[in-house]
Amino acid sequence: GNSVTQMEGPVTLSEEAFLTINCTYTATGYPSLFWYVQYPGEGLQLLLKATKADDKGSNKGFEATYRKETTSFHLEKGSVQVSDSAVYFCALSEGGGSNYKLTFGKGTLLTVNP
Amino acid sequence: DAGVIQSPRHEVTEMGQEVTLRCKPISGHNSLFWYRQTMMRGLELLIYFNNNVPIDDSGMPEDRFSAKMPNASFSTLKIQPSEPRDSAVYFCASTRGRGELFFGEGSRLTVL
């Protein structure tokens, strides 16, 4: 079956540091890949996505590239801010038509200190 | 536009009691998902509906859990009887397209 493996947290960085959160996946077909973010006390929200190999998703300074050869979708940001403190989830989606479901990783807690 | 609306936001109950969680998806979205989040197990998909029809309920832990979607604007997740191990945050999410789920703020359930 499908699965997503993320680096375990927590990750603690100082403001303006470089961020990488690793994500690898296992899927039987050609999934779409996503990063979701969960701020304290809130539900998850989509951060970025990529739907095919070599696509790069980007948003709010975050980037991730769909690497089929390494089955990876690592999240990066060049300079983190305190407001980026949240839990980050990698996810994949397989399915046809309008029926699909997301498989999530366990999440990585990021804390950014001023 | 209103987002996904869940109620109650917090529920504290005693073991053995019935719990009903409610969700109103975003208007126009045709798929609805119920997830459970705990520290130990992370985010688990319980069940999802497409056009009000349950498509996959393989994540429902046991018969104590049931979910319904009587119409396009309302869904319930019921636990009867509740147990302490059901304590978690339950999220509802909806979508009309592949990939972007819109989550509610969650219902935090504590079973004593």
Side-chain angles (χ1 to χ4, degrees), chain A residues 1-10 21 23 25 27 29-52 55 57-60 64 66 73 86-109, chain B residues 1-7 9-10 21 23-26 28-60 67 72 88-108:
Chain A
N2 298 337
S3 67
V4 175
T5 303
Q6 292 180 234
M7 63 184 285
E8 292 198 14
I21 300 178
C23 171
Y25 67 90
Y30 301 94
S32 295
L33 302 174
F34 309 87
W35 277 100
Y36 278 76
V37 59
Q38 183 180 28
Y39 298 104
E42 300 183 9
L44 283 71
Q45 54 186 277
L46 180 66
L47 179 60
L48 54 85
K49 69 178 182 181
T51 57
K52 62 183 187 296
D55 268 2
S58 62
N59 186 24
K60 300 182 181 179
Y66 189 143
F73 193 54
V87 181
Y88 291 82
F89 293 87
C90 186
L92 69 81
S93 168
E94 274 195 305
S98 57
N99 296 335
Y100 73 96
K101 62 183 181 182
L102 288 180
T103 300
F104 285 92
K106 292 199 169 185
T108 302
L109 173 63
Chain B
D1 287 340
V4 175
I5 299 173
Q6 292 187 244
S7 64
R9 290 295 312 277
H10 303 275
L21 308 178
C23 175
K24 177 178 168 56
I26 294 173
H29 285 191
N30 63 341
S31 294
L32 182 141
F33 302 75
W34 282 100
Y35 284 90
R36 177 172 68 177
Q37 185 177 39
T38 61
M39 289 292 292
M40 291 297 295
R41 300 172 69 93
L43 200 61
E44 303 172 277
L45 176 64
L46 301 178
I47 185 170
Y48 81 96
F49 297 84
N50 191 55
N51 293 325
N52 313 337
V53 176
I55 300 301
D56 184 351
D57 65 354
S58 59
M60 296 286 262
V89 181
Y90 291 82
F91 287 102
C92 176
S94 70
T95 185
R96 64 180 174 192
R98 186 185 175 103
E100 183 164 10
L101 294 189
F102 291 81
F103 282 76
E105 293 187 318
S107 295
R108 180 174 295 276

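Everything numeric here is computed off the predicted structure, so don't read it as measured data. Throughout, a chain's letter reflects where its sequence line sits, starting with A, and its residues are numbered from 1.
Between atom CZ of residue B:Phe103 and atom CD of residue A:Glu42 there is a gap of 13.0 Å, rounded to the nearest 0.5 Å. Interatomic distance, OH of B:Tyr35 versus CG of A:Leu44, reported as 9.0 Å (0.5 Å rounding).
Other residues, nucleotides and ligands contribute only 12 or fewer heavy atoms inside 6.0 Å of the CD atom of A:Glu8.
Among B:Gln37, B:Gln6, B:Arg41, the residue with the largest count of heavy-atom pairs under 4.5 Å with chain A is B:Gln37.
Using a 4.5 Å heavy-atom threshold, the side chains of A:Leu102 and B:Leu101 count as touching.
Using a 4.5 Å cut-off between heavy atoms, B:Met39 does not touch chain A at all. In this structure, chain A has no heavy atom under 4.5 Å from any part of B:Glu44. Contact annotation for B:Arg9: only side-chain heavy atoms (C-beta onward) come within less than 4.5 Å of a heavy atom of chain A.
Shown here for B:Phe91 and A:Gln38, the closest heavy-atom pair between the two residues is CZ-NE2, 3.3 Å.
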